[in-house]
Amino acid sequence: MILQEQYLLNLASKGERIDKRKPDEYRKIVVEKDVIEKAEGSARVKIGETEVLVGIKMDTGEPYPDKPDDGVMIVGAEFSPVASPGFETGPPKEDAIELARVVDRGIREAGTIDTKKLCIKKGEKVWLVNIDIHVLNHSGNLIDAAALAAVTALWNAKMPELKGEKINYEKRTKKLPVKSKPITITFARIGESLFTDPNLDEENVMDMRLSVAVKDDDNICALQKGGIGTLSLEEIGKVLEAAIKKSKVIRKTIK
Amino acid sequence: MILQEQYLLNLASKGERIDKRKPDEYRKIVVEKDVIEKAEGSARVKIGETEVLVGIKMDTGEPYPDKPDDGVMIVGAEFSPVASPGFETGPPKEDAIELARVVDRGIREAGTIDTKKLCIKKGEKVWLVNIDIHVLNHSGNLIDAAALAAVTALWNAKMPELKGEKINYEKRTKKLPVKSKPITITFARIGESLFTDPNLDEENVMDMRLSVAVKDDDNICALQKGGIGTLSLEEIGKVLEAAIKKSKVIRKTIK
Amino acid sequence: MILQEQYLLNLASKGERIDKRKPDEYRKIVVEKDVIEKAEGSARVKIGETEVLVGIKMDTGEPYPDKPDDGVMIVGAEFSPVASPGFETGPPKEDAIELARVVDRGIREAGTIDTKKLCIKKGEKVWLVNIDIHVLNHSGNLIDAAALAAVTALWNAKMPELKGEKINYEKRTKKLPVKSKPITITFARIGESLFTDPNLDEENVMDMRLSVAVKDDDNICALQKGGIGTLSLEEIGKVLEAAIKKSKVIRKTIK
Amino acid sequence: MKRLNSRKPGELRPVVVKAGVIEQADGSALVSLGRTTAIAAVYGPAILHPRRLQLSDKTFLRTVYAMAPFSTTERVRPGHSRRSTEICMVTRHSLEPALFLEENPKAGISVYIDILQADSGTRTAGINAASVALADAGISMRDLVASVAVGKVDGEYFLDLEGKEEDVTKCDIPVAYMPRSKKVTLLQMDGDISAKEVKELVNLAVKGCEILYEKQKQALKERWSLK
Amino acid sequence: MKRLNSRKPGELRPVVVKAGVIEQADGSALVSLGRTTAIAAVYGPAILHPRRLQLSDKTFLRTVYAMAPFSTTERVRPGHSRRSTEICMVTRHSLEPALFLEENPKAGISVYIDILQADSGTRTAGINAASVALADAGISMRDLVASVAVGKVDGEYFLDLEGKEEDVTKCDIPVAYMPRSKKVTLLQMDGDISAKEVKELVNLAVKGCEILYEKQKQALKERWSLK
Amino acid sequence: MKRLNSRKPGELRPVVVKAGVIEQADGSALVSLGRTTAIAAVYGPAILHPRRLQLSDKTFLRTVYAMAPFSTTERVRPGHSRRSTEICMVTRHSLEPALFLEENPKAGISVYIDILQADSGTRTAGINAASVALADAGISMRDLVASVAVGKVDGEYFLDLEGKEEDVTKCDIPVAYMPRSKKVTLLQMDGDISAKEVKELVNLAVKGCEILYEKQKQALKERWSLK
């Protein structure tokens with residue numbers, strides 16, 4: 001472990017990575033959509049060995065009092081113990097909560113879902129959109145994988161029909177109203193170097209990561225610094241620019 | 001403990017039991033009804049030292065959406081720590097959950113309660129029947145004791161009156177509509193022998209039990225294999241026949 | 001610790017206390033009202049080092065079925081871990097529950113809040129009054145401090161306005177209808193002596209305390225014996241009289 | 001107001017005390033006060049696990065009070081409430097003075113109380129049952145602990161409130177008492193009465209406890225003479 | 001009633017069995033029965049923590065069954081239900097007979113089962129996946145465990161109920177079976193049928209298990225020949 | 001839009017920093033930013049229990065953030081929420097860089113933060129208070145940590161958002177900063193602005209932190225000169 005750490009730090013001091021990637025290079029990304037028939041929308045994203053499944057389930061319910069004509073979006077994340085013996089069942093832990101909240105903010109602030117179109121009866125009944133993140137293999141950079149899977153699932157989701165009080169989940173025709181594709185790009189710092197898409201080995205030695213959610217128009221819609229390391233003002237600027245650049249490439253994987 | 005186990009296995013190899021019972025013989029059964037005045041129905045069943053109390057409490061509530069004109073039955077089981085220091089309070093454990101679910105299935109599948117008659121207003125309001133199992137002494141074969149107590153309590157339960165929105169628990173006149181008397185018979189395997197009504201010593205050395213719920217017409221309405229042992233197809237057949245035979249006798253204890 | 005205990009017991013045998021107070025003497029009491037602007041009412045009470053904050057938050061909700069035209073009062077207590085490393089977050093512990101329940105009983109039985117005046121629509125909608133006790137420094141005699149802070153907060157609370165379905169918390173004009181000032185006085189027994197307002201050192205060696213809530217008319221509205229010690233009938237009489245006497249003095253601190 | 005079941009103001013409800021009702025337990029008892037029925041089981045003393053609960057200077061006494069779901073008019077949901085947590089605590093405080101817990105440090109005694117039917121006075125019935133169960137378990141005791149509640153209805157003092165009397169009483173005072181030591185071990189009160197009335201009512205409760213004490217002793221005698 | 005997807009009464013749904021699907025796990029498998037998909041991961045054997053769970057005479061087998069929130073028509077709330085707790089238990093009981101747990105006392109093996117999509121038969125799909133995952137982990141086994149449910153619709157025996165068939169069946173009998181030892185390790189039933197019918201249905205389930213067993217073996221062969 | 005209380009865009013709310021406000025604690029502080037009030041107490045370093053939480057290479061830093069029930073317009077229910085769990089985490093990450101945790105492995109330091117009144121900026125107020133409380137506890141530190149949030153309203157950059165400003169801002173960026181090391185230890189953002197604006201806003205936050213840092217130092221000086 002300590003040898004491994006030293007090795008990665010040595011590489012990093014030369015700007016090199018354990019798997020020969022360039023600092024701003026992602027592992028291979030595979031995006032599949034509509035993988036769960038029972039869900040209104042779904043996607044599986046693999047980034048290297050990391051594998052995340054996101055499913056969208058819709059229901060009706062009350063709007064928030066302060067937004068009476070907006071549909072409601074809820075993001076949840078579970079680290080299934082299937083993916084790691086450390087993930088025991090029980091109340092969601094810090095990491096799973098952070099994952100859900102960071103994905104939530106990226107999607108919400110970008111206005112990804114057109115929530116105004118999800119109002120059924122103002123102040124009384126709106127559509128609820130549950131976005132559930134299910135981690136199947138944790139091999140680093142869950143945030144970017146989950147964010148990408150969530151946006152892909154949303155763009156391919158179809159709404160069930162409403163017949164009076166009842167939801168007919170068998171009949172899904174209309175597309176969920178969506179309007180943007182925020183992409184989250186994470187950089188980790190190892191030694192003095194900033195590497196995007198850290199794998200699990202890199203996450204184990206990184207002291208800090210910064211995740212940046214970028215909108216289609218290059219505006220930033222969410223930031224999250226993770227880990228106990230620090231950031232200089234220069235580093236913030238560098239990460240923002242690299243993230244904007246990279247987001248354009250990743251956005252194309254959403255079909 | 002190990003000596004005890006060896007002793008019971010030796011006996012079993014000769015088809016004999018520690019308390020001289022025959023393989024298909026129950027311990028003494030005592031059934032008392034209406035033991036809790038505050039409950040709509042109640043029964044105390046003793047099988048040997050095992051003692052179980054079942055109380056029925058009724059309330060009104062919403063029906064399940066897929067069964068808008070059926071009353072709702074809920075079975076719960078608590079292993080009171082009074083009965084054993086191992087039963088601590090807290091969320092119900094595996095054994096208590098299994099007990100409740102097996103009793104539930106026997107009663108439900110036999111159509112014991114005529115749930116159609118418990119509809120107050122279709123789709124809106126029906127009677128809820130709470131069947132709570134309270135174990136007072138655990139000395140083996142809780143499933144059969146609890147199932148017998150539950151059916152006895154149901155057959156003697158009286159419904160409270162409904163006055164507009166209010167339930168008058170003081171006035172209970174009409175009988176709860178019930179229509180069958182399922183009986184659950186459990187056989188345990190010790191060594192190669194199958195013994196009914198295992199006592200606690202026998203449960204500690206058995207490797208498998210099979211519980212069979214039998215309707216008045218000899219049809220089977222529920223099965224549950226317990227424990228980590230296995231069953232041959234022949235054994236299944238033998239247990240089913242013995243259970244049907246025994247159920248006729250036990251059913252007579254319900255007054 | 002054991003030396004400390006012996007020392008306090010020796011003093012007590014002479015009717016003396018570690019901080020030179022007389023048996024029926026309180027530490028310095030400081031009462032501040034309206035310390036939390038966001039709350040409908042609030043008070044901070046210091047008795048010596050002990051410091052308790054009470055905030056009142058109001059909301060609307062359903063009345064209890066058996067009291068359809070009464071507002072509802074709920075008392076909660078949290079021992080913030082800020083006040084002591086032993087107070088971990090999580091479900092409230094015995095001591096916090098006792099504190100909340102004793103304060104609740106004193107206020108409730110004295111008819112402190114005129115709950116009839118908190119009815120909005122009989123059987124459907126009434127005001128809920130949440131009284132939350134937040135312990136900031138635990139240095140003994142939390143019950144008396146919390147009870148005093150709660151009554152002070154109630155007497156200075158202002159109700160938010162109701163506009164149709166909505167509560168306007170920005171506009172608080174009318175006073176909360178209150179009508180009595182119960183005062184809770186606690187005596188602890190150390191050795192054979194009875195001392196009021198025990199500090200933390202005294203609580204650590206006391207074997208019993210008796211808390212007495214006294215109404216404006218000297219009637220008793222709540223009693224709570226705490227601790228594993230016993231009381232003689234004579235001691236009960238003595239404590240009641242001393243508490244009544246002391247309550248008159250303490251009541252004056254409520255402005 | 002006349003009392004329910006034509007009781008006199010100073011009269012207890014029909015009392016049943018039975019020792020040795022749970023085969024598995026080290027000690028047990030059933031106590032009924034009218035329609036209120038409590039059953040108590042004692043396990044221990046035994047080495048206490050988990051070890052972090054062990055006390056260095058005395059036996060750890062655990063008291064668990066729970067109501068059966070069907071014990072009241074409205075079904076009780078299983079699990080602890082704030083009310084039951086408080087009753088566990090005051091029950092423990094009521095019983096401890098009767099025990100010599102300092103004799104067995106690091107050990108634990110568990111007292112489990114189930115309320116099978118509730119019609120006022122469940123905490124007092126539970127304390128009565130627990131006290132007999134502790135004695136039945138052969139645990140050495142300074143004294144038995146008897147317990148009863150008192151109230152005031154239409155100006156009269158009522159012993160051992162039952163059912164709807166509790167809705168109209170001016171106060172509710174549960175008391176536990178060690179009759180030989182003449183000491184009160186439980187004292188709570190809700191209500192609105194004078195100090196003088198409190199004292200008179202506690203005196204009435206003490207009288208009730210003395211009668212219950214005789215029933216407790218008799219139950220233990222019957223239990224042990226049968227052996 | 002005709003079967004969905006024009007299946008014959010005694011025909012399984014399309015079966016997919018894949019071993020080695022979770023990189024991190026010591027063993028893993030995916031099993032689909034029609035639209036029902038279960039994934040199982042095995043971790044261990046390893047020294048068991050916390051130590052109080054260690055057994056003195058055998059390995060502790062932990063089975064955890066959970067449904068993904070999006071696996072069914074109505075979203076499943078995360079966390080354990082009474083249903084999932086029972087399934088964890090019967091799954092453990094179904095698998096234990098195939099293992100030599102007495103070989104490694106104090107160790108623990110964890111089997112985690114996730115239902116990614118649920119369309120009837122999740123417990124049987126989970127058992128099939130868990131059995132393959134255990135073999136994939138190189139844990140020595142007496143036998144594989146295959147599992148399938150059977151029912152009776154309009155007087156006919158249906159193998160491997162799916163979707164809406166479950167709403168109309170006269171009974172639902174999940175069975176797990178060790179094909180080499182010819183032993184049943186899971187047997188549950190809800191319904192209303194004669195003893196004779198029960199026996200015939202269990203026989204049908206056993207036939208289904210034998211087919212599933214071949215698929216399991218094949219999956220393991222494919223997995224290991226690739227290495 | 002004009003700012004509330006006629007503040008200038010780059011102006012902090014009235015700041016109160018007080019060290020040593022909780023007698024029992026090893027260190028403590030109160031910080032008010034306008035109507036937002038946080039109190040922090042530090043206990044430790046001390047041997048950490050339970051032992052399984054001990055870290056082999058550094059002190060375990062526990063941060064607990066909680067809002068008093070009466071701190072906001074709508075009552076806060078006690079207990080952890082997902083929001084408070086995340087704030088606990090980012091608070092810990094904000095403070096750790098300032099501490100020499102590797103000096104005391106196996107020990108634990110607990111930082112408890114109570115929000116007594118919430119009017120925007122509770123996490124930043126809590127970090128400011130925690131930093132002073134750690135220093136007040138005599139724990140050796142590389143630097144103090146100051147913290148403030150920034151936003152953009154009607155095209156203008158606002159320092160230290162309060163109350164309803166938070167409802168109309170285009171973004172909300174809480175920042176924590178170590179002024180001597182010139183390093184950012186907390187950076188979060190919600191909103192919709194350009195990268196250039198992010199950088200400018202973070203610069204504004206840093207300026208605010210530098211002012212807060214002076215207030216922190218002054219509070220510690222007052223506290224210690226009084227002794």
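A quick note: this is a predicted structure, and the numbers were derived from the prediction, not measured. The sequence lines fix the lettering, A, B, ..., with proteins before strands; numbering per chain opens at 1.
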Minimum heavy-atom distance [X]-[Y], with the two atoms named:
| X | Y | answer |
| --- | --- | --- |
| His134(A) | Pro69(E) | ND1-CD, 4.4 Å |
| Leu116(E) | Leu136(A) | CD2-CD2, 4.4 Å |
| Lys38(A) | Asp119(E) | NZ-OD1, 3.3 Å |

Quick one, Phe70(E) and Asn130(A) - any side-chain contact, counting heavy atoms below 4.5 Å?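 Phe70(E) does not reach Asn130(A) side chain to side chain.
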For [X], is the [atom1] atom crowded, meaning more than 12 foreign heavy atoms sit under 6.0 Å from it?
| X | atom1 | result |
| --- | --- | --- |
| Leu4(E) | CG | yes |
| Glu62(A) | CD | no |
| Glu214(E) | CD | yes |
| Glu165(A) | CD | no |
| Lys125(A) | NZ | yes |
| Phe100(E) | CZ | yes |
| Lys217(E) | NZ | yes |

With rounding to the nearest 0.5 angstrom, report the [atom1] to [atom2] distance, [X] to [Y].
| X | Y | atom1 | atom2 | value |
| --- | --- | --- | --- | --- |
| Ser80(A) | Ile113(E) | OG | CD1 | 11.0 Å |
| Arg77(E) | Asp132(A) | CZ | CG | 11.5 Å |
| Asp59(A) | Thr73(E) | CG | OG1 | 11.5 Å |
| Glu49(A) | Gln24(E) | CD | CD | 8.0 Å |

Does any backbone or side-chain atom of [X] lie under 4.5 Å from a heavy atom of chain E? Answer side chain, backbone, both or neither.
| X | answer |
| --- | --- |
| Ser42(A) | neither |
| Glu170(A) | side chain |
| Ile167(A) | neither |
| Glu78(A) | side chain |
| Val54(A) | backbone |

Taking every non-hydrogen pair under 4.5 Å, which of Pro78(E), Ala25(E), Gly79(E) racks up the most with chain A?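 Looking at each of Pro78(E), Ala25(E), Gly79(E) in turn, Pro78(E) comes out on top.
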For chain A, which candidate among Gly44(E), Ala46(E), Ser28(E), Ala118(E) shows the most heavy-atom pairs at distances under 4.5 Å?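 Looking at each option in turn, the highest pair count goes to Ala118(E).
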Quick one: does Tyr43(E)'s side chain have a donor or acceptor within less than 3.5 Å of a partner on Val82(A)'s backbone?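 Indeed, once roles are kept as given, a pair shorter than 3.5 Å links the two residues.
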Structural part of Arg35(E) lying under 4.5 Å from a heavy atom of chain A: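 For Arg35(E), the side chain is the part near chain A, not the backbone.
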